[in-house]
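So that the names make sense, note that chain A is the first sequence line, chain B the second, and so on, each numbered from 1.
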Amino acid sequence: MSYPIELIRHSLAHVMAAAVKKLHPDVKFAGGPAIENGFYYDFDTDYRFSEEDFEKIEREMRELIKSNGRFEQRIVDLDEAKQIFADQPYKMEWLNEYDAAGEKLSIYTFRDFTDLCRGPHVESSKDLPRDGFKIRNVAGAYWKGDSKNKMLQRIYVDAFENKEALDAFLKQQEEAALRDHRKLGKEMDLFHFEPEYAPGAVFWHDKGYKVYRRLIDYMRARQERAGYIEVCTPAVMDRVLWETSGHWEKYGAHNYSGKTEDDRMFCIKPMNCPGGVLIYRSVLRSYRDLPLRMAEFGKVNRYEASGSLMGIMRVREFTQDDAHIFCTPEQMESECIDTLKLILDIYKQFGFNEVKIYLSTRPEKRIGSDEIWDLCEKSLANALNAHGYEFTINPGEGAFYGPKLEFILRDAIGREWQCGTIQVDMNLPERFDISYIGEDGEKHRPVMLHRALFGSIERFMGILIENQSGNLPLWLSPEPVVVVPISEKYREYAESVVADLRAAGVYCRADLRDEKVNYKVRELSLAKTPIIAVVGEKESADKTVTLRKLGIEKQETVALSDFIAQMKDAIKLPL
RNA sequence: GCCAGUUUAGCUCAGCUGGUAGAGCAUCUGAUUUGUAAUCAGAGGGUCGUUGGUUCAAGUCCGACAACUGGCACCA
């Protein structure tokens, strides 16, 4: 009989727990769910699992599976459960919680491993694949996901219905690793890091910075079209601003700050919001000014935990395509809808059609009244529902000042990254006491929406590189064309081609090195150059270029003037 | 920040059980003047992440610190 893969994975988790119990009888069990591509199980023991244990555990699992052990369920009462799990503190904690919640206490026994578990499971281990799983790694994980708790050892396993599916997955993961933006960033000469001098901060090379600027150009054009204005606020401001905003209390430790000669405490901005608020506040605003959509490509610095840094995806200095929309409460919902549409439209432009959306709601530690939270959460949900967008509610994950929508993209190996976001904020307007004069001549408090579409230019570019395997579209490519003369006899013509292209606004260069065409084609291809224009005797005589496009062996010779016209068009922003 | 692993030339990596470092590519020099994924030859280049310790002797063993990688936690 065949079972859903989740059931197989979850049952394999029990098998692994049984195997680990056999090898390390003193181990304490926490829990082990099925996850995407496999399962894990959390253990607590003084023994430190390492790669050398993987094979032993796998072998033991195979033995157990071969034994055709049954998965037997029983419903027990609290007393019996307490006896069964007397030496299992983590299970004791669960069963007390389940009992308090009035749940039935279900236990499953597989061989000599009994687990507190709702199930369901396969009937017998003969329903499980003997070679469809492979231990991936061991990692630390806090009990109940809380960093105040003890750290357990989590063993991750890739698991599929059979060996073929597992091998296919492993191969796909291997291929995905080749698209890692850190690897491609090096190969394409986009950026590098200096861990000694600036851990978690990007050094943009010429080519990387061209892409970066191009992304901003594109976003700027989209925003201007959507009725935004753009501002620029100081990088260093008095700490009082963050105290006023309420962020110092919560995030002070993650800020870069320092005292100046005159004993003032300054702070390198970790976010752009207060700057925008100060511009809003610099003049008296009328209801006629709203909605005021104020964008800023603001570079922010946050001292992120060392363990959270990852390539250009999570860094300590990054640029947000930030904007603050000041509006009336009545305008809030339609502004959310417009922003939502803008985000998804732009993502589509980059080939991201499957965007996961989270609605993160009020956290425990928050400010603002429940009525305000009700209103804000409802506005976001309404915006989503109005257009039939599917979303997942993330309870308690909102910012302390308001709920947020998060737009999630995946990297090459499937990890989720929050990119775009729309957040409602009824806190800052109050704290900074901003207002507008209404139709009635009275002062009113505007609502503030924070939104970022790329989120961080760095992260978005990282995702983009991985998703496109470095093959950026012509308009984004830092070097859409490289001209390669066959020999030094044709240098002059190559240089004139470059000059003509540049005159037409197409960035390009000639590769004049004393190397064979083969060599240059190989090297330029590895650097993901979209178009190689080869010129030799024929081309210089006919005023043509022979084009080789990335990944395509077939070449075509076209008139230089036609090529320039084509390129001029191809590198335009896709608006 | 926490758990585990890793750190050797610009890059990718080798260096077994301790006896003062190697390869390929890149760079430089020379030859070659090249027609679509690596032309040939020679040369230079490393206080082996930093810092303590063990030892007659440390890239190799032990400790601390840092960075990076994979997770966890965090993510205004």
Worksheet item: Of the candidate nucleotides U36(B), A4(B), A37(B), which contains the atom at the shortest distance from the side chain of R48(A)?
Response: A4(B)
Practice prompt. Measure the distance from CD on E304(A) to P on A67(B) and round it to the nearest whole Å.
Written response: 14 Å
Fill in: Nearest-angstrom distance from the residue atom OH of Y142(A) to C1' of C74(B)
9 Å
Worksheet item: Using a cut-off of 4.0 Å on non-hydrogen atoms, how would the nucleic acid contact of E52(A) be classed: base, sugar-phosphate, or nothing?
Response: nothing
Worksheet item: Whole-Å distance between U6(B) P and E51(A) CD?
Response: 9 Å
Worksheet item: Are any of K186(A)'s side-chain N or O atoms less than 4.0 Å away from OP1 or OP2 of U12(B)?
Response: yes
Item to complete: Report which part of the nucleic acid G311(A) touches: base, sugar-phosphate, or nothing (heavy-atom distance under 4.0 Å, all strands).
Response: sugar-phosphate
Worksheet item: Just how far is it from atom CG of L405(A) to atom CG of L359(A), taken to the nearest 0.5 Å?
Response: 5.5 Å
Item to complete: May I ask you to say what K549(A) touches in the nucleic acid, namely base, sugar-phosphate or nothing, with a heavy-atom cut-off under 4.0 Å?
Response: nothing
Discussion item. I'd like the C1' distance from G44(B) over to G30(B), given in whole Å.
Written reply: 14 Å
Response to the item:
Out of C72(B), G35(B), C68(B), minimum distance to the side chain of V534(A) belongs to G35(B)
Practice prompt. State plainly whether the residues K404(A) and E397(A) are in salt-bridge range, i.e. N to O under 4.0 Å.
Written response: no
Discussion item. By the 4.0 Å heavy-atom rule, please label S487(A) as base, sugar-phosphate, or nothing.
Written reply: base
Discussion item. Please give the distance between the P atoms of G19(B) and C62(B) as a whole number of Å.
Written reply: 16 Å
Discussion item. As a test of reading the structure: which of U39(B), C72(B), C68(B) is closest to the side chain of R154(A), going by heavy atoms?
Written reply: C72(B)
Item to complete: Determine whether the side chains of W417(A) and D411(A) contain a donor N or O and an acceptor N or O closer than 3.5 Å.
Response: yes
Fill in: Under 4.0 angstrom between N518(A) side-chain N/O and U36(B) OP1 or OP2
no
Worksheet item: Below 3.5 Å, does any donor atom in the side chain of R548(A) face an acceptor in the base of A37(B), or the other way round?
Response: yes
Item to complete: Just name whichever nucleotide pairs with A41(B), Watson-Crick or G-U, keeping both distances under 3.5 Å, else none.
Response: U29(B)
Fill in: Whole-Å C1' distance, G71(B) and U29(B)
49 Å
Discussion item. Between G5(B) and G49(B), how many Å separate the two C1' atoms, rounded to a whole number?
Written reply: 16 Å
Fill in: Rounded interatomic separation in angstrom, taking OH from Y303(A) and C1' from C74(B)
14 Å
Item to complete: Look at the side chain of E539(A) against the base of G35(B) and say whether a donor-acceptor pair falls under 3.5 Å; ignore hydrogens and angles.
Response: yes
Discussion item. Regarding R302(A), tell me which of base, sugar-phosphate or nothing describes its non-hydrogen contacts under 4.0 Å with the strands shown.
Written reply: base
Worksheet item: Taking the inter-plane angle between the rings of F407(A) and Y347(A) on a 0 to 90° scale, is it parallel (under 30°), tilted (30 to 60°) or perpendicular (over 60°)?
Response: perpendicular
Discussion item. So, taking the atom named CD1 in I532(A) and the one named CG in L524(A), what distance separates them when rounded to the nearest 0.5 Å?
Written reply: 4.5 Å
Worksheet item: For the pair made of NZ in K489(A) and P in U32(B), what is the distance, rounded to whole Å?
Response: 14 Å
Worksheet entry | Side-chain N or O of R415(A) closer than 4.0 Å to phosphate OP1/OP2 of G70(B) | yes
Item to complete: May I ask you to verify if any side-chain N or O of Y156(A) is less than 4.0 angstrom from the OP1 or OP2 atom of C72(B)?
Response: yes
Worksheet item: Is G200(A) touching bases, backbone alone, or none of the nucleic acid, heavy atoms closer than 4.0 Å?
Response: sugar-phosphate
Worksheet item: Tell me: CZ of R314(A) to C1' of A73(B), nearest whole Å?
Response: 10 Å
Discussion item. Any base atoms under 4.0 Å from E537(A), or only sugar-phosphate, or nothing? Heavy atoms, all strands.
Written reply: base
Discussion item. Rounding to an integer number of Å, can you tell me how far E196(A) CD sits from C65(B) P?
Written reply: 17 Å
Practice prompt. Can you label the angle between the F191(A) ring and the W204(A) ring as parallel, tilted or perpendicular, going by 30° and 60°?
Written response: perpendicular
Discussion item. Closest approach to the side chain of Y401(A), judged atom by atom: which nucleotide of U39(B), G70(B), A76(B) is it?
Written reply: A76(B)
Item to complete: Using the C1' atom as the reference point in each nucleotide, state the distance between U47(B) and G59(B) in Å, no decimals.
Response: 12 Å
Worksheet entry | G70(B) to A14(B) separation - C1' atoms, rounded to the nearest Å | 24 Å
Practice prompt. Please tell me which of D146(A) and G536(A) maps to the more 5' nucleotide of RNA chain B, matching each residue to the nucleotide holding its nearest heavy atom.
Written response: G536(A)
Practice prompt. Please tell me which of the listed nucleotides, A37(B), A73(B), A76(B), lies nearest to the side chain of H247(A)?
Written response: A76(B)
Practice prompt. Would you mind classifying the nucleic acid contact of G145(A) as base, sugar-phosphate or nothing, using non-hydrogen atoms under 4.0 angstrom?
Written response: sugar-phosphate
Worksheet entry | Euclidean distance for C1', U8(B) against A21(B) (whole angstrom) | 8 Å
Worksheet, complete the sentence: Partner of G24(B) under the Watson-Crick or G-U wobble criteria, both distances under 3.5 Å, comes out as C11(B)
Worksheet item: Where does the angle between the aromatic ring planes of H324(A) and H450(A) fall among parallel (under 30°), tilted (30 to 60°) and perpendicular (over 60°)?
Response: perpendicular
Worksheet, complete the sentence: Separation of A31(B) atom C1' from E488(A) atom CD, nearest Å, is 13 Å
Discussion item. If you assign G551(A) and G307(A) each to the RNA chain B nucleotide with the nearest heavy atom, which residue ends up on the more 5' nucleotide?
Written reply: G307(A)
Response to the item:
Between W373(A) and P363(A), the two heavy atoms sitting closest are CH2-CD, 3.6 Å
Fill in: Centroid separation F43(A) to H24(A) less than 6.0 Å
no
Fill in: Proximity to the side chain of P199(A) - top-ranked nucleotide from U36(B), C3(B), A67(B)
A67(B)
Discussion item. Any strand counts, and the cut-off is 3.5 Å on both contacts for Watson-Crick or G-U wobble. Which nucleotide pairs with C2(B)?
Written reply: G71(B)
Worksheet item: Is K183(A) near enough to C11(B) that one of its side-chain N or O atoms lies under 4.0 angstrom from OP1 or OP2?
Response: no
Practice prompt. Could you tell me whether H254(A) contacts a base, only the sugar-phosphate backbone, or nothing, with contacts defined as non-hydrogen atoms closer than 4.0 Å?
Written response: base
Worksheet item: Heavy atoms under 4.0 Å, any strand shown: does Y251(A) hit a base, just sugar-phosphate, or nothing?
Response: base
Discussion item. Counting only side-chain nitrogens and oxygens, does Y519(A) get under 4.0 Å of the OP1 or OP2 atom of A26(B)?
Written reply: yes
Worksheet item: Which value, in whole Å, describes the distance between the C1' atoms of nucleotides U55(B) and G63(B)?
Response: 16 Å
Worksheet item: Does a side-chain N or O from S306(A) land closer than 4.0 Å to OP1 or OP2 of G1(B), or not?
Response: yes
Worksheet item: Out of U39(B), U36(B), G70(B), which has the shortest distance to the side chain of M310(A)?
Response: G70(B)
Worksheet item: With respect to the side chain of A305(A), which nucleotide from A76(B), C68(B), G1(B) is positioned closest?
Response: G1(B)
Worksheet item: How would you label the contact of Q153(A) with the nucleic acid (heavy atoms, under 4.0 Å): base, sugar-phosphate, or nothing?
Response: nothing
Item to complete: With heavy atoms under 4.0 Å as the rule, sort N427(A) into base, sugar-phosphate or nothing.
Response: nothing
Discussion item. More than 12 heavy atoms of other residues, nucleotides or ligands under 6.0 Å from CD of E187(A): yes or no?
Written reply: yes
Worksheet item: Is Y40(A) touching bases, backbone alone, or none of the nucleic acid, heavy atoms closer than 4.0 Å?
Response: nothing
Item to complete: Check every strand shown and say whether S245(A) touches a base, only sugar-phosphate, or nothing at a heavy-atom separation below 4.0 Å.
Response: nothing
